[in-house]
Amino acid sequence: MAYWLMKSEPDAFGIEDLQSRPAKTEPWDGVRNYQARNFMRDDMKKGDEIFFYHSNCKVPGIVGIATVASTPYPDPTQFDPDSDYFDPKSDPDDPRWILVDVKYKRRLKRILSLAEIKDHAEALGDFALVRKGNRLSIMPVSAEQWDYLLGLEKQ
DNA sequence: GCCAACGTTGGC
DNA sequence: GCCAACGTTGGC
């Protein structure tokens with residue numbers, strides 16, 4: 001099993017929104033970055049665990065845990081002219097944008113803020129989240145990093 | 001609201 | 001294929 005971190009802006013879609021969805025599950029649509037897409041398309045497996053991260057907000061940080069709840073499939077919003085994520089260049093016979101469903105598991109007992117995570121950058125090793133200029137919205141987390149961060153939750 | 005960092009686009 | 005211009009991300 002692999003571990004991931006996925007960013008979302010709480011103003012648009014936060015952990016509470018995921019929790020309140022039917023089946024607590026939501027298609028992770030709108031990803032329009034190839035590297036992030038490739039993680040979903042090529043590497044994610046059903047049951048993988050995800051840190052749910054709130055970005056672009058007052059206290060950015062990890063707020064909960066979700067799981068990968070589907071195999072990869074085409075993001076329907078790319079073919080919807082009314083969607084913000086419509087991509088006229090995407091060919092329905094060879095869809096450009098692929099997503100997975102994400103399912104709510106639990107909230108953390110406390111937010112692990114980006115500031116706190118940065119304080120532990122050394123122990124976390126080469127963690128994409130705290131790399132300078134990082135803008136990836138989906139990134140891998142190693143088992144060691146996962147365990148370390150969950151350990152912080154209890155402190 | 002500012003701006004640094006980064007990805008994408010398109011002219012040449 | 002280069003690279004300037006532009007748009008977006010996301011912390012602060």
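The basis for the numbers below is simple: all heavy atoms, side chains too, and nothing from hydrogens, waters or symmetry mates.
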(request) Strictly below 4.0 Å, heavy-atom distances to any atom of DNA chain C: list the hits from residues 76-94 of chain A, or just say none. (result)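 Of all residues in residues 76-94 of chain A, none places a heavy atom under 4.0 Å from DNA chain C.
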(request) May I ask you to list the residues of residues 113-128 of chain A, by number, that have any heavy atom positioned under 4.0 Å from an atom of DNA chain C? (result)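 Leu114(A), Lys118(A), in order of number.
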(request) Calculate the interatomic distance between Ile138(A) atom CD1 and dT9(C) atom C1'; express it in whole Å. (result)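 The answer, rounded to whole Å, is 14 Å.
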(message) If I take atom CG in residue Leu129(A) and atom P in nucleotide dT9(C), what distance separates them, rounded to the nearest angstrom?
(response)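 Whole-Å distance recorded here is 17 Å.
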Using only heavy-atom distances, determine whether the side chains of [X] and [Y] contain a donor-acceptor pair under 3.5 Å.
X         : Y         : value
Ser55(A)  : Glu9(A)   : no
Arg32(A)  : Thr77(A)  : yes
Ser113(A) : Glu116(A) : no

(message) Between Leu136(A) and Met139(A), is there a side-chain heavy-atom distance shorter than 4.5 Å?
(response)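 With C-beta onward as the side chain, the pair touches.
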(request) Please tell me if the side chains of Ile98(A) and Tyr73(A) come closer than 4.5 Å, counting only heavy atoms from C-beta onward. (result)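 They are not in contact (no side-chain heavy atoms under 4.5 Å apart), so the answer is no.
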Taking only nitrogen or oxygen atoms into account, show me every contact under 3.5 Å that the protein makes with nucleotides 5-7 of chain B, one pair per line with its distance.
from: dA5(B); atom 1: OP1; to: Lys132(A); atom 2: NZ; distance (Å): 3.2
from: dA5(B); atom 1: N3; to: Arg135(A); atom 2: NH1; distance (Å): 3.1
from: dC6(B); atom 1: OP1; to: Lys132(A); atom 2: O; distance (Å): 3.1
from: dC6(B); atom 1: N1; to: Arg135(A); atom 2: NH1; distance (Å): 3.4
from: dC6(B); atom 1: O2; to: Arg135(A); atom 2: NH1; distance (Å): 2.1
from: dC6(B); atom 1: O2; to: Arg135(A); atom 2: NH2; distance (Å): 3.4

(message) Within this structure, what is the OG-CG distance for the pair Ser8(A) and Leu18(A), rounded to the nearest 0.5 Å?
(response) 9.0 Å
(request) Just report the end-to-end axis angle for the helix from dG1(B)-dC12(C) to dC12(B)-dG1(C), five pairs per end, to 10 degrees. (result) 10°
(request) For Lys103(A), look at atom NZ and say whether over 12 heavy atoms of other residues, nucleotides or ligands are found less than 6.0 Å away. (result)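 At most 12 heavy atoms, drawn from other residues, nucleotides or ligands, come within 6.0 Å of this atom.
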(request) Taking ring-ring contact (aromatic ring centres under 6.0 Å, His included) as the test, write out the residues that go with Tyr53(A), two or more places apart. (result) none
Taking only nitrogen or oxygen atoms into account, show me every contact under 3.5 Å that the protein makes with nucleotides 1-3 of chain C, one pair per line with its distance.
none

(request) Before accepting this row, confirm whether a basic side-chain N of the pair Glu153(A)/Arg106(A) lies closer than 4.0 Å to the acidic partner's carboxylate O. (result)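 Result for this pair is yes, salt bridge flagged.
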